[in-house]
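Beneath this line is the structure, given in structure tokens, with notes to follow.
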Amino acid sequence: MSQGIEANNMAAQPGEDERVKRVSKLRKAMVRPELGAICGAIAVFIYFAFAAGDTGMFSAEGVMNWGVVSAQFAIIAVGACLLMIAGEFDLSVGSMIGFSGIVIALLSVHYGWPMWASILMAFAVALAIGALNGYIVITTRLPSFIVTLASLYILRGLTIYFSIATTRQTIIGGVREAAEGDWLAPLFGGKILKGLFTWLGEAGVIQTYAGGVRAGQPVVDGIPMLMVWALAFIIFGHILLTKTQFGNWIFASGGDAQAARNVGVPVNRVKILMFMLTAFCATVFATCQVMEFGSAAADRGLLKEFEAIIAVVIGGALLTGGYGSVIGAALGALIFGVVQQGLFFAGVESSLFRVFLGIILLLAVVLNTYIRRLITGER
Amino acid sequence: MADTPLIELIDIEKHFGSVIALAGVSLSVLPGECHCLLGDNGAGKSTFIKTMSGVHKPTRGTIRVDGKEVVFESPRDAMEMGIATVYQDLAMIPLMSVTRNFWMGREPKKRIGPFSFFDFKTANAVTMEEMRRMGIHLREPDQAVGTLSGGERQTVAIARAVYFGARVLILDEPTSALGVRQTSNVLATIDRVRKTGVGIVFITHNVRHAMAVGDRFTVLNRGKTLGTAKRGEISTEELQDMMAGGAELAELQSSLGGTV
Ligand SMILES: Nc1ncnc2c1ncn2[C@@H]1O[C@H](COP(=O)(O)OP(=O)(O)OP(=O)(O)O)[C@@H](O)[C@H]1O
Ligand SMILES: [Mg+2]
């Protein structure tokens, strides 16, 4: 059959058409969403290796310090990333963090629900709110920016109202006690690989406390579940986006919703699910934080929505949707964590962190626009 | 002709409120033919093909597919009967790769354990092969569609429709935004597809483009058809005049032998 022969020819001499311009491997490797974040991450590590190398920033304890902060950023960045690629924003992430935390603390401490039921309830409510956000965006066809800006205020207001109306304060403590012996709570507040770290401490690989009640124990006694969640979200998000049919639908929904609809992609479903994912991520963040602090506060999560979006943009996603990378967003979160904590280690005034955020955001957007031009040939 | 038309639209009327967009238009598409639908702006071309592809329901008139009367409730119905439309600007997503665009909505899957993944190996191989058949040599299948020329994008969209079983391919002004070379690429693609037995409806208001590939020509003017002419029965100038609805209208009607 001629078809078979032709196919063979093609396999034997791929792209040996004189009209096909050769593109250097380097340029191909460069035109990818993560480029800026990779360079940024390397630059940041080199900088702090010099600026704070002797401060313990890269000891086990120091790594755990900025690692946890980076993981926090990463959890919300993954949700924001997939949502942004699907063409939408969620500005209510920060409010959702405060809201979910208060729901858990109220139900468990104030109303005496078992911790697991409180946590599950918080997730159910959050997913419903995420779906509602998405549903409103789809049906009104308003920009998600406006719709979720409304949710930002409504949720924050409700959080403070519920908290004060029931307990007359905006901070609810006693969560750790309420979580005692619960089966679900350790999934958010626990640590794993404790045995390994004890062994590392004994083997002298990591430092141990010299005295006090914890004498002999390693300074880092395990990997917090927060980090495990972050890693799980990154792996899940990356595979979902790049290796599955649903991932193609995410790209398509954000790239051109109408073109996607024309070929039968369920754009509305994709977008609503992504709104639910950001709400889910925010609630994981909130639950981990509540378990760690032992309390919930109505003002938690302030400005987190913007930090998530900045991490995503540093990671190479386009604000207009249809393009981006989960790995990039995770690197963006890493840059955040390292810089925020690194400035502290290096003894730099911490307010400069915000200055840094603003500048790096601008640089990232400029770079992304340039990369986009390379891809589309600016036609 | 001996063949039954793939699709036949008879006396189609479409009213939008008080606006009569189509006032009795008939057209048929035979296997392997390129049927050009010409007309000036606002003549009703887009409305007509939207009726053909199930987007609009006609106010009056009949549609037959393979000789059997049908009613399209949605574009899905039309698609299932092999009627595919390539819209000019809503076809491709520039930031996505050719493969991702090609398979959008119909991604091939492979299972690994309980999970199912996008089968990029198959997808890439088929995409490269289909593109090559259409005369487009891709550098690599993960090249972004944005790096292709406008004509090549049209061709990807056409190849996609054909690969997924189009029997009638409706092209809404595929050449209107293209330069000379890209236009000739698209016209060559139309010719290739026609030879495989697919019937093509080619919408344009450029008479020369129509004359280059058309087998039959139907001109719409203010919601009415001025009849259908076969290749060789009509000249470029005559078509041009008909589109404009000029003074020679009455004279032309006789040479067409169609209904007015
Ligand atoms: N949804 C609608 N509601 C009301 N009127 C409509 C609608 N769609 C089309 N029309 C009217 O029907 C007539 C035919 O429009 P149509 O878009 O089919 O023209 P066309 O031949 O495709 O023109 P063009 O070359 O500009 O694309 C126009 O007068 C238009 O205003
Ligand atoms: Mg039109």
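Order of the sequence lines sets the chain letters (A, B, ...), proteins ahead of strands, with each chain counted from 1. Just the heavy atoms: all of them, side chains too, but no hydrogens, waters or symmetry mates, feed the values below.
- In this structure, CZ in B/Phe118 is found 11.5 Å from NZ in A/Lys243, a value given to the nearest 0.5 Å.
- In this structure, chain A has a heavy atom under 4.5 Å from the side chain of B/Phe120, while its backbone stays farther away.
- Annotation for B/Met104 and A/Ala252: closest pair SD-CB, 3.4 Å, computed over non-hydrogen atoms.
- Counting heavy-atom pairs under 4.5 Å between each of A/Ile239, A/Leu318, A/Asn248, A/Thr244 and chain B puts A/Asn248 at the top.
- Interatomic distance, CD of A/Gln258 versus CD1 of B/Ile93, reported as 10.5 Å (0.5 Å rounding).
- In terms of heavy-atom pairs under 4.5 Å with chain A, the best-connected choice from B/Gln143, B/Met79, B/Arg76, B/Met96 is B/Met96.
- B/Ser116 touches chain A through its backbone: at least one of N, CA, C or O sits under 4.5 Å from a heavy atom, while the side chain does not.
- Looking at A/Leu240, neither its backbone nor its side chain comes within 4.5 Å of chain B, counting heavy atoms on both sides.
- Remark: A/Tyr135 OH is loosely packed, at most 12 non-hydrogen atoms of other residues, nucleotides or ligands lying under 6.0 Å away.
- Other residues, nucleotides and ligands contribute more than 12 heavy atoms inside 6.0 Å of the CZ atom of B/Phe16.
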